[in-house]
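Report on one structure; see the data block that follows.
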2 protein chains.
Amino acid sequence: MDNRTLSLFLHLCETLHFGRTSQAMHISPSALTRTIQQLEETLDTSLFERDNRSVQLTKEGVLFQQYAQESTSLWQNFKQSLMEETQELQGEISIYCSVTASYSFLHTILNDFRKAHPKIGMTLHTGDSEDAISHILEDNDDLAIGARPDKLPSKLDFKRITISPLVMIAPLNNPQYKNPANNWKGTPLILSEKGLIRKRIDTWFQQKNIKPTIYAQVSGNEAIVSMVSLGFGVGVIPKIVLDNSPLIDRVKTITHQPVLEPIEVGLCAQKKRLQNPLIKALWDSLSNP
Amino acid sequence: MDNRTLSLFLHLCETLHFGRTSQAMHISPSALTRTIQQLEETLDTSLFERDNRSVQLTKEGVLFQQYAQESTSLWQNFKQSLMEETQELQGEISIYCSVTASYSFLHTILNDFRKAHPKIGMTLHTGDSEDAISHILEDNDDLAIGARPDKLPSKLDFKRITISPLVMIAPLNNPQYKNPANNWKGTPLILSEKGLIRKRIDTWFQQKNIKPTIYAQVSGNEAIVSMVSLGFGVGVIPKIVLDNSPLIDRVKTITHQPVLEPIEVGLCAQKKRLQNPLIKALWDSLSNP
DNA sequence: CTTGCTATTGCGTAAAATGATATATTAACA
DNA sequence: TGTTAATATATCATTTTACGCAATAGCAAG
């Protein structure tokens, strides 16, 4: 029985949903279906009772689940003891972060780490920074770089890398956006459709009792920079994003901005994953700020 | 980690010899080499220290051996409990026997067994009946059909299927072989090159203080029938072989033959393998004679 | 220097896995 | 009662992988 099949099976036991498992495990639904079918064929028994709306473990499925768990844990233990034997960490760490983070922090973080542990491979998934926390909660990756939410879920651990102020940016050549505080109604805003920064802005406007004009809701801070540079309106992003943007010369920072609390950017992981020595090594390689 | 790789590895741990393992596991040496290479590559460590004359387990190899043993035993246990769950035996039994045995006993033995346990698959290896015992001792197959040796190795268990007298056969149209007892010197003998029957005949001639003329030493009782039918000489075989031979009408049985003890034909297995429920089921399906 | 023994490699073919797409089935809903 | 959305599976073309045969390479012993 091979480990990939086992982990697919185990994941499917959790989700009871072919689509979600195939997505999470980065294979196509058809491949997953066939892997399971083939598994059932070799065992000559059915593991899941499924119609087109639901998936349920059978008795035999439960039995196999136990086996699969024990077997993978045996494998983990072996790998661990092999590492102890060879005195060198090896394996695979998966990281989720935004494009900006991959340009800015990630490089500096991983550079040293890679030298210290050359046999550890990295898988990098980029996406909207605001999805980092949920990505980790859903077990999609080992680690993520993102903003610390106001209320950190108890399953997660967070380690600050830096603090970045929020800045408001406007197109270079539109004097009308020079001081939007005078004229919020006439100032189209470009905001994240969700996430910590959006919440902070919403709260600020509420407190001021202002109903701003929202021109566009986008996903990804990089997209905000892009739209602002094209002249669509003003937006709020972490300063770190601006500093790493190739468009930094195409927008200007507005000084009379709403005063928003800076965000804490850092590494985030499920506590249970920190028991993995590889992940712990990377975690510990970040000196406390 | 998949089970086939593990069992190849474990077997190689025992033999420390690529050639023998590949033969025993029915794959080509090159496939075995590459399986091990690939295993070492995934583990990113070397498991065997090998030059062109010797193969030795490394430290890491020993560690992996432990893992492999535990993992396969976990798998065995799972399959066992799955069988208990479904109340139906399933798996694979491998049997070694001569061509004759496959024609005569095997069919009747397996016919009922197959009906009782349709999910048990069979692998059949045919070869010289005299090799049956050593085949079992060398762990090449689960069960074998063969003659009970005078001294049964203590690791083995034996269950008689039938007793077959030994008969001497001669070509049909050669009157000179009618009563070889008158003229052993002038009677070319065709004998097995080894094995129980050969030993009995040798002993008989020794006791009579006769030095017979041995025309040919062959392997396999079927080959003896073949050569005798072609007129090369006379031979001694179990009656059961003659009865199942397509050449039965091309040879005749000599009545004034040396009086040799009949042989016991039966099923043979390593005692330890009888703990396997599949094999035990087949074993038990044979009523005691 | 040759021979025998072994593990390995090159290479052509066969088998298997995969992903994109189409299909089938069914629950939910209008 | 259609219609839509959700979801597992089947089909097919393509890529990847595994395998066996034959050749090779390394080494010890005669």
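A, B, ... follow the sequence lines: proteins, then strands. Residue 1 opens every chain. Just so you know, these numbers use all the heavy atoms, side chains as well, and skip hydrogens, waters and symmetry mates.
As a whole-Å value, the separation of B:Arg20 CZ from C:dT6 C1' is 11 Å. One atom, CZ of A:Arg34, and another, P of D:dT16, lie 16 Å apart when rounded to the nearest Å. One can place CD of A:Glu40 at 12 Å from C1' of D:dT9, the figure rounded to the nearest angstrom. As rounded to whole Å, 13 Å separates atom P of D:dG26 from atom CG of B:Asp51. For B:His26 and D:dG20, the NE2 to P distance is 11 Å, given to the nearest whole Å. Rounded to whole Å, the distance from CG on B:Leu16 to P on C:dT6 is 13 Å. A:Leu32 has its CG atom 16 Å from the C1' atom of C:dA20, to the nearest Å. A:Leu47 has its CG atom 16 Å from the C1' atom of D:dA8, to the nearest Å.
Taking 4.5 Å as the limit, every side-chain heavy atom of A:Leu12 sits out of range of all side-chain heavy atoms of A:Leu47.
Not a single donor-acceptor contact under 3.5 angstrom links the side-chain atoms of B:Ser30 to the base of C:dA7.
Between A:Lys155 and A:Asp139, none of the side-chain N atoms (NZ, or NE/NH1/NH2) sits under 4.0 Å from a carboxylate O, so this pair counts as no salt bridge.
Distances shorter than 4.0 Å separate some side-chain N or O of B:Arg50 from OP1 or OP2 on C:dT8. Contact annotation: A:Gln38 side-chain N/O to C:dA16 OP1/OP2 distance is not under 4.0 Å. Contact check, A:Gln37 against D:dA10: a side-chain N or O comes under 4.0 Å of OP1 or OP2.
You'll find the ring centres of B:Phe9 and B:Phe48 inside the 6.0 Å limit. Taking the six-membered ring for Trp and the full ring otherwise, the centers of A:His117 and A:Phe113 sit less than 6.0 Å from each other.
Across D:dG20, C:dT18, D:dA8, the shortest atom-to-atom separation from the side chain of A:Ala31 is found for C:dT18. Relative to the side chain of B:Val55, the nucleotides C:dT8, D:dT7, C:dA7 differ in distance, and C:dA7 lies closest.
Between the side chains of B:Glu222 and B:Thr100, at least one donor-acceptor pair of N or O atoms lies under 3.5 Å.
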